[in-house]
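See below for the structure under consideration.
Here is the naming used below: chain letters follow the sequence lines, and residue numbers restart at 1 for every chain. Computed over heavy atoms, backbone and side chain alike; hydrogens, waters and symmetry mates excluded.
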Amino acid sequence: MKKTKITLLIITLSTIIFGCKKDDPITTAPTQLTPAIGEYILSEGGFGGNNTKLSYYNNSTNTIIGDFFLQQNPTITGGLGDTGNDMIVYGSKLYIVLNVSGRVTVLNANNATFIKNISFIQGPINKSPRYAIAARGKVFVTAYDNKVSVIDTTLLTITNTIPVGPNPEGIAASENYLYVANSGGYNLIPDSTVSLIDLNTETEIKKIKVGVNPNKVQINQAGNIFVSAYGNFGSIAPSLSVINGNTNANGINLGPNYKYSHLRIFGDIAYCFNNYGGAGTAKVFNTATNVVLRNEFITDGTLITTPYGLDVDELNGDVYIADAGNYVSAGKITCFSSTGVKKFSFSVAPGVNPNKIVFRR
Amino acid sequence: MKHFIAYFLTLFCTANAIVCVAQKHDTLSNVKVLALKEKNTATNSTPVQQLNNEQLQKINSTSVADAVKKFAGVQVKDYGGAGGLKTINVRSLGANNVAVFYDGMALSNAQAGQIDLGKISLQNIEQIELYNGNAIDLLLPARAYSNASLLNIKTTTGTFNKTEKKILSVKITQGSFGYITPSILFKTAIKNKIQYSLNAQYLSAKNNYYYTSYENNNQKERRKNSDIKSYNIEYDATYFINDSNKIKCKVFYYSSKRGLPGAIILYNNTGNQILNDNNFFVQTSWQNKINKKNLFAINAKYSYDKNYYYDPNYPNNLHFLENEFIQKEKYLSIVYKLKINKYLYASYASDYFNSSLKRTDIFADTFATPTRNSFLNNIALLFKNNKAEISANALLTSITEKVVYGNTAKKLQQLSPSIAVSVKPFFTNNFYVRSFYKHIFRAPTFNDLYYTHIGNTNLKPETVEQFNVGFTYSKKTTGFLKKILFTTDIYINNVHNKILAVPRQNLFQWSMQNVGIVKIKGLDATIAFDFLPTKKLNIYTKLFYTHQQALDLSNPNFSTYKTQLPYTPPYTAGASAGLQYKKIGFNYNMLHSSFRYRQGDATTENFLKSWSSSDFSFDYIFKENYKIIVEANNVFNTQYEIIKYYPMPKFNYRFTILATFKSKK
């Protein structure tokens, strides 16, 4: 009984915080955003399974097309390829980063029809592209050749490469800089830096110290950079660090209450989670005030087996959580209100291991 | 003592041994060294399937892995081609639940828990037997009882014809995709006292076979990085002290270098990892029949296995990855068999083995480096009269482990019983009803327990419960229909705490899944007819059929609940037929597998379509000593997969010439 009361109190409090904060994206969404008419979901599939899927959920008919890529591109019988690791929408195009197939596939954002493949295979080596971010009319892709490849969005070719640290993973863009997590995850001793790249010169300025084996990089409204790190899967636990966006000095570890390897920030609200055996779904905290809103995002008892991806509809604050289940069965997407109450859910079958949701507006 | 000296000299210095024996044992009776007799598989209380030397030459197979595909209830995980990994899965219990015995002792792999049967060439194999449950042989070590099934492989050693003194056999096979294997076998007997044999084989295959492109159905592509070069040498010596007292010894060495082609990855053809294997073992066994009632066997074995993996394009700071594992095992077994009376036999077997695994690469410091001590004690009873055969055993297993780094697996102690009954319900000797029950488990492997990031020292043993009921009908006549054999068995297997391995990035790395609970219901049936229309014409036909439902009952919350286990076809079937007319032989072999799914969910993504593959062979003996064999495999050029994205070879051929010279007494 007591617990219920406390939960209720937390919900109420968080609703107040959500509702009252002045520059909260939930209440003061940028005016150019129109309501999402549907969602693209990327499912990475199984490693070596060649089953990356792009699904599309139609918000008005509440229907899902599991293999939307195949429907829109019936001549490409092989499909997208292996291990779609990331997907972004930029301008009129959708960029899908295929890690094991070694390429970035560019589609029309409007209907997912094929435009072009940008190869990351060079001779006998797959550079293994990982994550992408867009800035200043370009798309920047991290890859295991330890460089960030710069894609010109008109030519759709790699026009420049920027050397960074080992096994770069997550990437984020501020007004003037790129921040790249150097995981070094393939080395005996992982890396623990973020490369700071000047967007004007497209060169690395310096390396900023963060947690061990950094993974995701996110920037809040105030321009501070949050980095989640895996640790070493043993003695060193996952961690969250924050870098001051003005000084770009070494990151400050947020401490033992933030042992998370995955992170998403929308506006000032951070959602952090673990997808390999971590407890619960996501912790929610306000990055501007450093107030923990909820240690467990979900408030209505909805069960998520394996949170594998999380995205927020910036217009209404709805949170979409991708559930990888047992990693081999069809994945599931559940949409929650920002208060953690389930709105609806759908399977992305035949998609397995969904990891990214992009909104079609 | 002299016996021992002679025996060791036999092993290491043949010339000396000759002298030794010649001096001491000139007047000994003839030793029974005939070819292994075909077992009457119909009266056995546990289901047994058998392929003998003669049959093995007629089934278009080069390795034990190919041969066992011709058994009912068997799935071979075959990743394609001469270099691909091939493991046996019997009655959907998985490769880890099969014991593989090679000339009386277990082949072991404490690291992965499964034996790559593709490595074992058929060149020197006399007989392959597959037992569900136990082999009804009270002289076997305790370890033969420690798995759900037993694959018993016997080499040609000790199968001399009395009249032969020396045999030299030279063979060369050439085939599609750069396949070539020269081999030599030399056997000799000295005064029926000592036999020794030397077998050596070299294998080289490019294995770059064509397959239909996954990206574009109209295109052909070639398998890449699929080559293999291997050789093996096997030396055997048997010293017969007298008719009922003998000592056997074997030294075995295998070495291979192979490319790991990996799964076909769409749009990415870059894989170039390699795997080198070095396997060495020496084993010896002393069997002595003290008197009519008492018999004992002492067996010892030492094995050393090195496994080296290299990825030349690995995204670390060295830009390559090396993994090297060394496994060692010391194994001692004592078996004592007692004849209590005319109908009742008992045996006690005690096995001890010490298995260790270490790394010699840059990861050595943080590797568990486990050592496992296994004690197996087994009591077996066998009652046999002309109406029934009843066998029962109880196996006590104790396993303790030590590690250098990290957590240690828990101690394990388990008692495993089994019982098998075969009865002749009618007066006729042709019809038998058989049934067995066996409760057994498998300990988690070193990979299951200690693999970096994937291993889990809290793993429980995987337990397997088998129930089997079946009947056999067999008849031999001297007429047109020479032999009939008809067997049918139905079975229920319950697996708890199942540990499943699924290949990851390549064939050498696996990810562990604890699937949990599996219920298997199956039916195995075989039917064989041998005809003898004229004295010079011999015709045989054989069919097998397997039906299996293997349901995953692990987690009702997952969509995989109550779905068929990955890669388990609901049914498989096989047919072989052949004829021998004078010196000409002609054989046909067909295998069929129904559809199956690579994962539990029955989606089109996971679907693998059914396949059939037909092979023909023709052999001809000329000038007494020479034989040619022409094999045409997958003659209908079917593109199929056993494992998704591992295409199997389409049409291919092999051409063999064999020369055998025998010197008579």
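- Under the 3.5 Å distance criterion, the side-chain polar atoms of B:N268 are left unmatched by any main-chain donor or acceptor of A:I121.
- Only the side chain of A:T305 comes within contact range of chain B, judged by heavy atoms closer than 4.5 Å.
- A donor-acceptor pair is defined here as one N or O able to donate and one able to accept, closer than 3.5 Å; such a pair exists between the side chain of B:D601 and the backbone of A:A330.
- The part of A:D67 that comes within reach of chain B is its side chain, from C-beta onward, which places non-hydrogen atoms under 4.5 angstrom from that chain.
- Proximity to chain B (any heavy atom under 4.5 Å) is restricted, for A:L80, to the backbone atoms N, CA, C and O.
- For a residue to count as touching a neighbouring chain, one of its non-hydrogen atoms must lie under 4.5 Å from one of that chain's; by this rule A:P166 does not touch chain B.
- Between chain B and the residues A:L303, A:N146, A:N126, the largest count of heavy-atom pairs under 4.5 Å involves A:N126.
- The part of B:E215 that comes within reach of chain A is its backbone (N, CA, C, O), which places non-hydrogen atoms under 4.5 angstrom from that chain.
- Heavy-atom distances place both the backbone and the side chain of B:N317 under 4.5 Å from chain A.
- Judged by distance alone, the side chain of A:N50 and the main-chain N or O of B:L266 form a donor-acceptor pair under 3.5 Å.
- Heavy-atom distances place the side chain of A:L188, and not its backbone, under 4.5 Å from chain B.
- At a 4.5 Å heavy-atom cutoff, the contact between B:N316 and chain A is made by backbone and side-chain atoms alike.
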